[in-house]
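Bear in mind the structure is a predicted one, so any value in this text is a computation, not a measurement. A, B, ... follow the sequence lines: proteins, then strands. Residue 1 opens every chain.
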Amino acid sequence: MPAHPELDPATVAGTVLERNTLMLQRLTKAKALHDRGESAYANDFAPTHTAVQALQWFQAEPTHLAPFVALEVGKPLDPERLPPTGAPIVQTARVKMAGRAMAINVKGKVAFVRVQDRTAAQVPALRKAENLLRVACGLPEREADTPTFQFYFSRDDDPETFDRLFKPSPDAAWEGPLCDVGDIIGGEGLWFRTRTGEQSLWLKPFDGRPALRVLTKSVRPLPDKFHGLADKETRLRQRYVDLVMNPEVREIFRKRSQVLAGVRRFLDERGYIEVETPMMHALLGGAAARPFRTHHNALDMPLYLRIAPELHLKRLVVGGIERVYEINRNFRNEGLSQRHNPEFTMLEFYRAYATFFDLMDEVETLIAQLAQEVCGTTEVVWGSDKQGAPRQISLAAPFARVRIKDGLVQWGGIAADQVGDEGVLRRRAAELGVHIDAHAPLGKVQVELFEAVAERHLIQPTFVWEYPAETSPLARRNDADPSVVDRFELFVGGIEISNAFSELNDPQDQYLRFEHQLSQRAKGDEETMDLDEDYVRALEYGMPPAAGCGIGIDRLVMLLTGAEAIREVILFPHMRPEATTPEVAASDS
RNA sequence: GCCCCUUUAGCUCAGCUGGUAGAGCAGCGGACUCUUAAUCCGUAGGUCGAGUGUUCGAGCCACUCAGGGGGCACCA
């Protein structure tokens, strides 16, 4: 066996890898395992069952609900080893289970180890389900919150392994307790239920194999098992620790995965094709936002990380992909908040021969269906009202539909015949302390005032529509009123989830609107689009009438998981770089 | 970019009006053959985010910087 590799403490001093006393102890234990010829990083153990599978087995048979003693299938009863409890004996099969040791409780010559595996997040629900059964059978309810499964290890069954892993022995260096909380362990044995009723794996040495093995030595101690990981910074910077300590966080990301799968299934079934368009753009377009800039060395040209995929997707509609979608990241160089991350995941889909009204129907169907799939209901709880009471949101279709102008009247205190009077709107904004840029055109004034007065009322899902043309350079004008465009935004819980419109496919109008953007930029607007001549050329070939929609996936996942901050639904949210030493921090400035 | 709060042992947190560092858990040693935040006894563990200043004396006061949180601005 090759020598156990060891880092020179001097090379890691002053870095995050610097060793404290606890880590040095564990590193010594890892070396002790190695010196015994057992790898501290073994990969030759294949578990046969998960915690959830184990609990399902216990639940399946009424005789497994009360304490019982295990006897291996096919083995004769050993009268010498009968349990003193008088508990019934059940024949069970050999099982191998593995996971992370989350608590070790050595009590004399028995040890209990709580193990957490990949199914941890589903374990409490299963325990609760069992409690219903127990009540029906007249048995007492059991604690259901723990996400772990228990290993039971009696010294009598394998004294050598027991002592090595759990018993101190001052004679030899680290022949003592080699197993720590945090280690990845694998155990083999029989399922049984302890005298106190806990579902457990009774560890046994089969065919000369040790009953329990340390598969991966954890040399860095986990947070306090009772208080857990409370520090928000560590939770987000070291998401791996967060996921270990908080299985419910894993559940959020399992649901996120379900949302993405559900969206794809929904669109695929309707004949949409998923595509991937460039993330690096030479021109800025598709949304109004400040970009991240980068540089291509070989071509010596500036590039932007995309702020939206819209213009590329509509080129594909021109090319005949009449139903098309993309789920991917957008990048916007803006502040961080509870609702904003610089990179976020956006679904955009485009459908030829459809209007924005058709997309309202499609979006409400999609969201209601996702809620049903992911939450099992369309009635979700998200955020809280002013009194702090949880807010009920119904995602059942159909959703409410409100015009911008109606909102100004209903919530803004504007008379119905004055919603087009810029002076009135600006005075009202000033009264409310809402800042609106002095150069903003009427349409922008209407939208800004609307958002200031109405958004907080849009708790239940609401499509807001009849947006003014000035703020929507890519949307189709309304046939009856050319001052507005056929566009909606969907608000839920007071935040914007979706933005959609009937697409502008008149190349002349599109060119003029791009030119208008350039004139706005000349006036100092920092969030204008570039004039994309190739996109206008594409429209000149003819884009079928179409409507397109964008949905913020992160925010949708927030709604469906109850998360109130976008960081909770992004595995690695953007943070400042970690300053490990004062020197590093100083050299950055 | 602005304002407020925050940073103490591996983790969670105390620390009074400025007087020289505390607890629980984890660790290490001991007892314990059905525990589940096990219990009991013993023991060890600290550059109080970094720096400067005030002071006889700073975890505590002042200033600067950094990280984190919240809010504002920005984000159609």
ask   = If you measure from the Lys or Arg side-chain nitrogens to the Asp or Glu carboxylate oxygens, is any gap between A/E568 and A/R235 under 4.0 Å?
value = yes

Distance-only donor-acceptor test, A/N20 side-chain atoms vs B/G45 base atoms, 3.5 Å = no

message = When the C1' atoms of B/G15 and B/G46 are compared, how many Å lie between them, rounded to an integer?
response = 14 Å

Side-chain N,O (A/R237) to OP1/OP2 (B/G68) below 4.0 Å = yes

message = Should the side chain of A/R155 and the base of B/U33 be counted as holding a donor-acceptor pair, with the cut-off at 3.5 Å?
response = no

request  = Using the closest heavy atom to pick a nucleotide of RNA chain B for each, name whichever of A/R114 or A/L222 lands nearer the 5' end.
outcome  = A/L222

task = Could you check which of B/G69, B/U36, B/G67 has an atom nearest any side-chain atom of A/M575?
result = B/G69

message = Using a heavy-atom cut-off of 4.0 Å across all strands, would you classify A/Q338 as base, sugar-phosphate, or nothing?
response = sugar-phosphate

task = Check whether any side-chain nitrogen or oxygen of A/R567 sits under 4.0 Å from OP1 or OP2 of B/G69, and answer yes or no.
result = yes

inquiry  = Less than 3.5 Å apart, any donor N or O on the side chain of A/N131 or A/R142 sitting next to an acceptor on the other?
reply    = no

ask   = Taking the nucleotide of RNA chain B with the closest heavy atom to each, which residue, A/G197 or A/E451, is nearer the 5' end?
value = A/G197

query = Atom NZ of A/K107 to atom C1' of B/A31: distance rounded to whole Å?
reply = 11 Å

key: A/K232, nearest nucleotide to its side chain (from B/U36, B/G24, B/G69)   = B/G69

query = Looking only at heavy atoms, which two atoms of A/G407 and A/V402 are closest? And how far apart?
reply = N-CG1, 4.1 Å

message = In whole Å, measure the gap between the C1' atoms of B/A9 and B/C28 for me.
response = 15 Å

task = Test for a donor-acceptor pair under 3.5 Å between the base of B/U36 and the side chain of A/T194, counting only N and O atoms.
result = no

ask   = Taking atom C1' of B/C32 as reference, at what distance in whole Å does atom NZ of A/K167 sit?
value = 8 Å

ask   = How long is the line joining CG of A/L22 and P of B/G10, in whole Å?
value = 7 Å

query = Do the side chain of A/D156 and the base of B/U33 come within less than 3.5 angstrom through a donor-acceptor pair of N or O atoms?
reply = yes

query = Do A/D509 and A/R476 meet the salt-bridge criterion of a basic N to acidic O distance under 4.0 Å?
reply = no

Euclidean distance for P, B/G70 against B/C65 (whole angstrom) = 22 Å

query = From B/G29, B/G10, B/C11, pick the nucleotide closest to the side chain of A/P221?
reply = B/G10

ask   = Please give, in whole Å, the distance from B/G27 P to A/D180 CG?
value = 7 Å

query = Nearest heavy-atom pair of A/F149 and A/R127: which atoms, and what distance?
reply = CA-NH2, 4.1 Å

